[in-house]
Amino acid sequence: MTKMSKMHKRVTCSHGAALALLALLPIAQAAAQTAAPAEPAPESLQLQSVTVTAQRRTENIRDVPVSVTALKGDKLDVLVSGGDDIRLLAGKVPSLNVESSNGRTFPRFYIRGYGNTDFNTFASQPVSLVYDDIVQENPILKGFPIFDLASVEVLRGPQGTLFGRNTPAGVVKFESEKPRLNSTEGYYNVSAASHYTFNAEGAVNVPLSSNVAMRVSAVGQHRDDYVDNYSTPAKTTKRGELDGYNEHAERVQFLYSKDGVTGLLGFHQRQTNGSARLFRANLIKKGSNTFADGTNLDQVVTNAQNDQDLKSNGINLRLEWDLGGYKLSSITGYEHIIGYSSRGDIDGGTPTGPGFIPFQVETNGYISNLDQYTQEFRVESQNTGPFNWQTGVYFFDEDVTGGSDNFDSTTFARTSRLVSTQKNEAWAAFASATYNLTPDWTIRGGLRYTKDKKEFRTIEATNVVQIGPSSVEADKKKVSWDLSATYKLTPDVNVYGRAATGFRAPSIAAASASVPITVADAETIKSVELGIKADLFERRARTSFSIYDYTIDDQQLTVVGGNSNVNRLINADKTKGRGAEFDFEAAISTALRMSAGASYNYTQIRDGSLSVNKCGACTITDPLNSVGRVVIDGNALPQAPRWTFNATARYGVPFRDGELYFYTDWSYRSKVNFFLYESTEFTGAPLTEGGVRVGYIFGNGKYEVAAFGRNVLDQRRITGAIDFNNLTGFTNEPRQWGMQFKGNF
């Protein structure tokens with residue numbers, strides 16, 4: 001790609017953002033005009049109000065001045081029916097992408113194109129994952145299975161005032177179902193699908209007294225190894241099968257509520273084992289981004305050991321005191337990784353192929369111990385008047401030990417080891433306020449002061465000559481803020497504007513054989529957003545539309561590979577992002593309900609001084625500098641699709657004593673770059689994935705039987721790569737067909 005074409009992209013996107021801003025007013029006016037039909041809609045056609053806790057209070061989603069999407073109920077159940085992990089959320093809401101080079105562990109999140117491709121054990125991410133009000137900081141913690149959830153909320157844009165850890169891109173917030181005091185109830189959910197995939201999930205809620213209740217929930221998932229593994233490209237000797245998994249997770253919660261005092265105590269644990277990510281040497285056809293000729297994704301050739309294992313647990317305690325005009329809250333969390341390892345064939349083949357493989361690399365990334373403590377104290381007002389506020393303090397402490405081993409793929413003997421530790425302490429004080437200027441005008445604002453410190457050191461280097469110091473420290477103090485205003489055009493239509501900042505503390509990457517410990521300075525973001533949210537046609541439809549523009553200063557970027565298996569951090573002077581997001585949901589009739597979402601995300605690195613090593617086997621489309629390195633100025637961020645679309649439809653009709661229904665869901669993302677540079681081969685092709693479901697609900701709604709399909713088009717795509725001197729890649733999940741049975745009691 002030439003410099004002229006990159007300049008053309010900048011001009012085009014700038015004009016597009018301006019036009020989108022100008023278009024907002026007529027859209028708002030049109031929504032206001034259509035929001036008051038002559039006659040009320042029947043109750044059966046009205047959508048239920050959606051509440052979220054995006055501002056740490058329960059509010060109607062229409063009143064929150066943040067671009068947010070909530071997944072609840074049937075949508076969540078359908079997505080997890082095939083036993084997929086957290087990556088299933090990719091593309092299911094506007095501006096969200098999720099990927100991983102470690103399979104079911106170590107997911108990487110991107111919102112509005114803004115994320116981090118770092119595969120380092122100590123990596124930080126600009127998208128924060130919060131589970132039951134506890135931040136899950138290390139990427140290994142972020143993959144906890146999805147089960148027995150009340151909702152998933154995706155908050156787009158900086159959330160640095162009310163959420164405490166690394167939220168400049170946004171927050172993905174999980175809320176589990178909570179115990180209920182007055183009912184004994186529960187559910188069970190079992191499914192079986194292709195490749196001998198089995199999924200079993202259930203929960204039971206038991207009141208223990210008038211003031212105490214318990215909820216126990218669990219999930220178990222299994223898939224057989226189904227990919228044939230051969231020892232040579234000729235496939236004459238079969239070594240076994242790969243790509244299966246076993247996983248189970250449990251959660252126990254106790255609720256106490258009496259006289260304005262509420263306590264919620266939760267325990268959770270997870271165990272996972274099976275295959276690590278399958279890397280395939282020379283998977284990509286030279287000069288294209290498609291599969292090499294003769295590729296069979298049900299087969300692989302590898303001479304390395306391939307396995308993955310994870311054990312983790314945690315405990316959280318939330319205490320609340322309702323004092324009438326005030327509410328006091330204490331949120332305590334502890335997360336512990338007992339052990340984690342992921343060992344695989346990074347070169348993707350054997351010395352004899354497939355294709356040319358310049359060197360053999362078998363590695364194991366692992367965490368031998370992680371302890372994370374978090375504590376938040378918060379005070380919030382509960383005034384009936386126009387002014388309300390909340391303020392508090394937050395403390396974070398993490399101590400993690402992990403590293404990487406290299407192995408001889410022939411003897412399986414370890415050839416080198418590098419072990420490091422990181423200690424991270426942070427504390428913050430925050431305050432936020434809301435004021436209703438008039439019945440129609442509301443303003444909100446917040447501040448947060450954060451101090452973050454990291455200490456990193458190498459504690460073992462076997463057969464590795466470390467360059468530079470064996471220990472480093474990094475710290476940062478920063479104030480983040482946000483300011484928003486909401487105006488009610490009608491009782492059902494709100495427009496809002498929001499300006500916000502956020503930051504991510506300095507990050508540290510472990511050393512390797514040729515790279516010293518690298519430190520990336522803190523990154524900061526300034527973001528502006530305009531939006532409209534509306535309930536239309538007497539709540540038969542709900543829609544939201546937002547446009548945004550952000551600038552990241554000193555963005556932390558990850559440089560991987562090039563000509564060796566390395567991972568190092570750099571800072572880009574500036575990164576620009578702009579785009580638009582759209583959500584829509586409607587009850588078309590008593591039988592038909594539909595939803596749709598879309599996003600346009602434009603990102604661009606702006607730093608003429610940055611260059612990276614080029615790959616040896618790919619076709620670079622960026623310019624090279626005088627020393628043969630790739631200039632990345634003007635490139636899009638990695639794993640940042642320009643366009644995403646999603647849609648669902650449900651059609652149900654009475655049948656005998658129940659309901660027969662058809663449900664389908666679809667998602668699309670446009671092409672993505674895998675790395676900081678642009679190349680023909682390391683560009684992920686557009687991906688469309690769809691699901692279908694036919695079910696019957698009977699027994700007064702207590703039982704359901706369904707047949708389903710996931711990725712029904714069986715569209716297989718290369719979703720990531722390893723940047724060595726060959727064209728190693730990995731893919732999305734195959735098509736699944738299955739059956740499911742659900743029961744409630």
Side-chain angles (χ1 to χ4, degrees), residues 39-50 71-84 88 92 146-151 177 180 182-194 196-205 217-221 537-542 584-596 646-666 689-713 735-745:
E39 296 183 5
E43 260 188 52
S44 60
L45 287 177
Q46 290 186 346
L47 299 176
Q48 292 184 347
S49 296
V50 174
L71 290 173
K72 300 186 177 187
D74 287 347
K75 286 187 179 181
L76 269 180
D77 179 63
V78 167
L79 292 177
V80 302
S81 60
D84 290 338
L88 63 85
K92 301 307 186 292
I146 298 175
F147 67 102
D148 196 26
L149 290 182
S151 68
E177 288 283 4
R180 299 179 179 91
N182 300 317
S183 61
T184 299
E185 60 185 19
Y187 74 92
Y188 49 90
N189 181 350
V190 294
S191 66
S194 311
Y196 293 97
T197 301
F198 299 99
N199 189 52
E201 177 187 337
V204 59
N205 187 92
S217 51
V219 64
Q221 298 177 325
F537 312 117
E538 290 292 323
R539 283 179 45 199
R540 285 184 60 173
R542 178 183 301 119
F584 179 77
E585 184 178 7
I588 307 300
S589 67
T590 55
L592 178 61
R593 299 198 174 215
M594 303 180 70
S595 71
N646 64 83
T648 69
R650 186 186 190 279
Y651 186 82
V653 294
F655 181 74
R656 296 184 181 274
D657 295 326
E659 182 196 31
L660 184 66
Y661 72 88
F662 171 80
Y663 185 98
T664 185
D665 65 288
W666 293 86
E689 291 187 322
V692 296
R693 183 182 181 91
V694 178
Y696 180 58
I697 301 173
F698 59 100
N700 294 320
K702 288 187 175 181
Y703 306 104
E704 177 180 344
V705 61
F708 65 85
R710 305 301 306 165
N711 190 16
V712 292
L713 300 180
R735 176 168 54 201
Q736 277 194 327
W737 299 109
M739 295 290 296
Q740 184 177 23
F741 181 78
K742 297 169 58 180
N744 297 285
F745 56 88

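- Summarising the geometry of A200 relative to V190, their closest heavy-atom pair is CB-CG1, 4.1 Å, with the distance given to 0.1 Å.
- One distance of note links OH of Y188 with CG of N744; it measures 8.0 Å at 0.5 Å rounding.
- The distance from the CG atom of L79 to the CG atom of L71 is 6.5 Å, given to the nearest 0.5 Å.
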Inset, instruction - Output, in order, the C-alpha distance, side-chain angles, deciding distance and verdict of side chain to side chain contact (heavy atoms under 4.5 Å, CB included) for V219 and N199. - result: CA-CA 7 Å; V219 64; N199 189 52; 3.8 Å; yes
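- Each salt bridge (charged side-chain N to carboxylate O under 4.0 Å, His left out) pair with one or both residues in residues 692-702, not counting sequence neighbours, appears once here: D77-R693, R693-E704.
- Within the structure, every pair that satisfies the side-chain hydrogen bond (donor to acceptor under 3.5 Å, both in side chains) test and touches residues 649-658, not counting sequence neighbours, is listed here: R650-E659.
- Taking D148 as the reference, R215 meet the salt bridge (Lys or Arg N to Asp or Glu O under 4.0 Å) condition, with sequence neighbours excluded.
- Closest approach of F708 and A193 over heavy atoms only: CZ-CB, 4.1 Å.
- Residues satisfying the salt bridge (Lys or Arg N to Asp or Glu O under 4.0 Å) criterion with R710, sequence neighbours excluded, are D665.
- Rounded to the nearest 0.5 angstrom, S191 OG and F741 CZ are separated by 13.0 Å.
- No side-chain donor from either of S217 and E177 sits under 3.5 Å from a side-chain acceptor of the other.
- F655 is linked by a ring-ring contact (aromatic ring centres under 6.0 Å, His included) to Y696, counting only residues two or more places apart in sequence or in another chain.
- The two atoms that bring I588 and R540 nearest to each other are O-NH2, 2.8 Å, heavy atoms only.
- Dense packing is recorded around CZ of F662, with more than 12 heavy atoms of other residues, nucleotides or ligands lying under 6.0 Å away.
- Taken to the nearest 0.5 Å, the CZ atom of R539 stands 7.5 Å off from the CZ atom of R542.
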Legend entry - Worked check of side chain to side chain contact (heavy atoms under 4.5 Å, CB included) between Y187 and E201: CA-CA 8 Å; Y187 74 92; E201 177 187 337; 2.5 Å; yes
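- For the pair W737/V712, a side-chain contact is recorded, criterion being any heavy-atom separation below 4.5 Å from C-beta on.
- Across all non-hydrogen atoms, the minimal contact from A706 to Y661 is CB-OH, 4.0 Å.
- Every residue meeting the side-chain hydrogen bond (donor to acceptor under 3.5 Å, both in side chains) condition with S183, not counting sequence neighbours, appears here in chain and number order: E185.
- Counting only distance, with no hydrogens or angles, the side chain of R593 and the backbone of T648 share no donor-acceptor pair below 3.5 Å.
- Between I697 and K742 the shortest side-chain heavy-atom distance does not fall below 4.5 Å.
- Closest heavy-atom contact between T664 and G691: OG1-O, 2.8 Å.
- When all heavy atoms of D84 and Q221 are compared, the closest pair comes out as O-NE2, 4.0 Å.
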